[in-house]
Number of protein chains: 2
Amino acid sequence: MGERVLPRAERRRRTEGRILDAARALFAEVGYERATIRAIARSAEVDPALVMQYFGSKQELFQQSVRVTAVDTATGTETDADTGTGAEDLVERLLGTLGAKMGEMPQGSLAMMRSMLTHPEAATSARQVLGAQIDRLTESIHGEDARLRAALIMTVMVGVTVGNQLLELDELRGVPPEEIARLLRPSLRALTGPDVS
Amino acid sequence: MGERVLPRAERRRRTEGRILDAARALFAEVGYERATIRAIARSAEVDPALVMQYFGSKQELFQQSVRVTAVDTATGTETDADTGTGAEDLVERLLGTLGAKMGEMPQGSLAMMRSMLTHPEAATSARQVLGAQIDRLTESIHGEDARLRAALIMTVMVGVTVGNQLLELDELRGVPPEEIARLLRPSLRALTGPDVS
DNA sequence: GTCTATAAAGGGATAGAC
DNA sequence: GTCTATCCCTTTATAGAC
C-alpha cells in the first residue's frame with residue numbers, strides 16, 4: 001500500500017467534484033425543486049446514497065454548489081485586481097461579465113438565479129450577491145440617489161441575464177454579447193449619472 | 001324552490017372565484033411547486049377534492065389562474081384604448097404599469113413571473129406575453145436593431161419587476177413608483193433611440 | 001354535489017450488509 | 001467506504017360513501 005495511482009483522499013475529492021458539477025448543471029437547468037438527488041447521482045455516475053453521505057442533505061448540496069460562484073459573481077469577472085472604481089469602469093466591467101455570461105456564465109450563478117424566485121435559500125443568496133454589487137456601485141456613483149441608481153443598474157443586469165440565459169428569449173438568442181453591450185451602455189450610463197472623475 | 005338567495009350556478013361561480021383568488025395568491029407567493037392543492041383549498045375554505053373536481057388538475061388550475069392576467073399584461077395597464085403608438089408613448093405606458101405594479105400588480109402576473117424560471121408552462125406563458133409586448137414595441141421603434149432594442153426594453157422591465165416584486169430588494173422597497181420611473185426614463189429612451197415622430 | 005378514504009408515485013433520508 | 005434495500009413522508013389524483 002505504499003504507492004497508489006489515486007490516493008483515497010484524492011479520489012474522494014474528484015468524486016465530490018463530479019457530483020458538484022452534476023448538481024450545478026441540473027440545478028441551473030431545472031431549479032432546486034425539480035432537481036432530484038437521484039438524477040444528480042445518475043448524471044455524476046455515482047450512487048444516490050453517496051451524495052447524501054458526502055453532503056448530508058439536498059439543501060447542503062445546493063449551498064455547496066452555488067457557494068463558489070457567489071464570490072466570483074461578486075467580483076465581476078475573474079479579474080478583481082486593482083482596476084478602476086469609477087462608475088464608467090464599473091459599468092464596463094458589468095457589460096463585460098454580460099459578455100462572459102452569454103457564452104458560458106458560471107453554472108453556479110445560473111443555478112442560484114434559476115431558483116432565486118422559488119427557493120428561499122437561493123433568494124437570500126441572490127440578495128446578498130446583488131447587495132454587495134450595489135454597495136460597490138453606490139460608492140462610485142455621486143449624487144442624490146446613488147444607492148437607488150446602483151440598485152436599478154443591477155436590476156437591469158438581472159433582467160438581461162434572466163431574459164437571455166434563463167428565459168432564453170428568441171430575440172436575444174445568438175446575438176453577439178458585444179452588440180448587447182453596445183446597446184445597453186447608454187442606458188447604464190444614464191443610470192450612473194454624469195461621471196465627474 | 002322558486003326563489004333562492006343564491007342560485008346554484010351563481011354559488012358555484014363564486015366558489016370558483018374564491019379558489020382562483022387563493023390559487024393566484026399562493027402561486028404568486030411561493031411558486032408552482034411549493035403551492036399545494038391542499039394549501040390553496042385551505043385558504044379558499046373549501047375541500048381539496050372540490051378543487052380537483054372543478055379544475056381537473058393542478059396544472060389546469062395554474063393555467064386558469066394566470067390566463068386572465070396574460071391578456072391584461074399584454075395590453076399594458078387597463079387602458080389599451082387608442083393611445084399613441086409612438087415609442088415615447090409606449091415607454092410612458094410601460095413606466096406607468098411599473099407604477100401600478102409597485103402597489104398592486106395583478107396577482108396573476110406575479111404568479112406567472114414567480115414560476116417562470118422553474119415551471120415550463122409558466123416559462124412558455126412568459127415568453128408569449130413578452131413576445132407580444134416586444135412586437136408592439138418593435139413597430140414603434142425605427143432603425144437597425146428595432147427588435148433587439150425592444151427586447152432589451154422588456155428585459156429591463158422584467159429586471160425591475162423581479163428585483164422589486166419578487167426578490168424584494170431592500171434598496172427598492174418603499175421607493176415611490178414615480179421616482180423609479182423618473183430614474184428609469186432616460187435609460188429606456190436610450191434604448192428606443194431617437195424618436196422621429 | 002360534497003367529502004372521506006385511499007390509491008399511486010416520487011423523493012429525501014437512513015440502517016445495515018458487504 | 002460504498003451500495004442495497006427500505007422507511008416514511010408528502011403530494012396529486014381517484015373512487016365511492018353520504
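All figures in this text were calculated on a predicted structure; none of them were measured in a lab.
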Among D/dT11, C/dG12, D/dT4, the one nearest any side-chain atom of A/Asp47 is D/dT4
Residues pairing under ring pair (Phe, Tyr, Trp, His ring centres under 6.0 Å) where one sits in residues 17-48 of chain A, two or more places apart or in two chains, turn out to be A/Phe27-A/Tyr32, A/Phe27-A/Phe62, A/Tyr32-A/Phe62, A/Tyr32-A/His119
Salt bridge (charged side-chain N to carboxylate O under 4.0 Å, His left out) filter on A/Arg42, not counting sequence neighbours, yields none
Taken to the nearest whole Å, CD/B/Glu16 to C1'/C/dG1 is 14 Å
Rounded to whole Å, CD1 of B/Ile37 lies from P of C/dA9 at a distance of 19 Å
B/Asp170 meets the salt bridge (charged side-chain N to carboxylate O under 4.0 Å, His left out) criterion, sequence neighbours left out, with none
Inset, instruction - Flag the pair B/Glu168 and A/Arg127 as a salt bridge only when some basic side-chain nitrogen lies within less than 4.0 angstrom of an acidic carboxylate oxygen. - result: no
Rounded to whole Å, CZ of B/Phe62 lies from C1' of D/dA13 at a distance of 19 Å
When rounded to whole Å, the CD to P distance for the pair B/Glu45 and C/dT2 reads 16 Å
B/Lys58 atom NZ is separated from D/dT10 atom P, nearest whole Å, by 15 Å
With sequence neighbours left out, the residues meeting salt bridge (charged side-chain N to carboxylate O under 4.0 Å, His left out) with A/Arg14 are A/Glu10
Whole-Å distance, A/Arg42 CZ to C/dG11 C1', equals 12 Å
Residues in residues 48-57 of chain A with a heavy atom under 4.0 Å of DNA chain C, by number, are A/Met52, A/Ser57
Rounded to whole Å, CG of A/Leu61 lies from C1' of C/dG12 at a distance of 12 Å
Residue set satisfying salt bridge (charged side-chain N to carboxylate O under 4.0 Å, His left out) with A/Asp47, at least two apart, ordered chain then number -> none
From CD of B/Glu60 across to P of D/dA13 the rounded distance in Å is 10 Å
Any donor-acceptor N/O pair under 3.5 Å between C/dG12 base and A/Arg38 side chain: yes
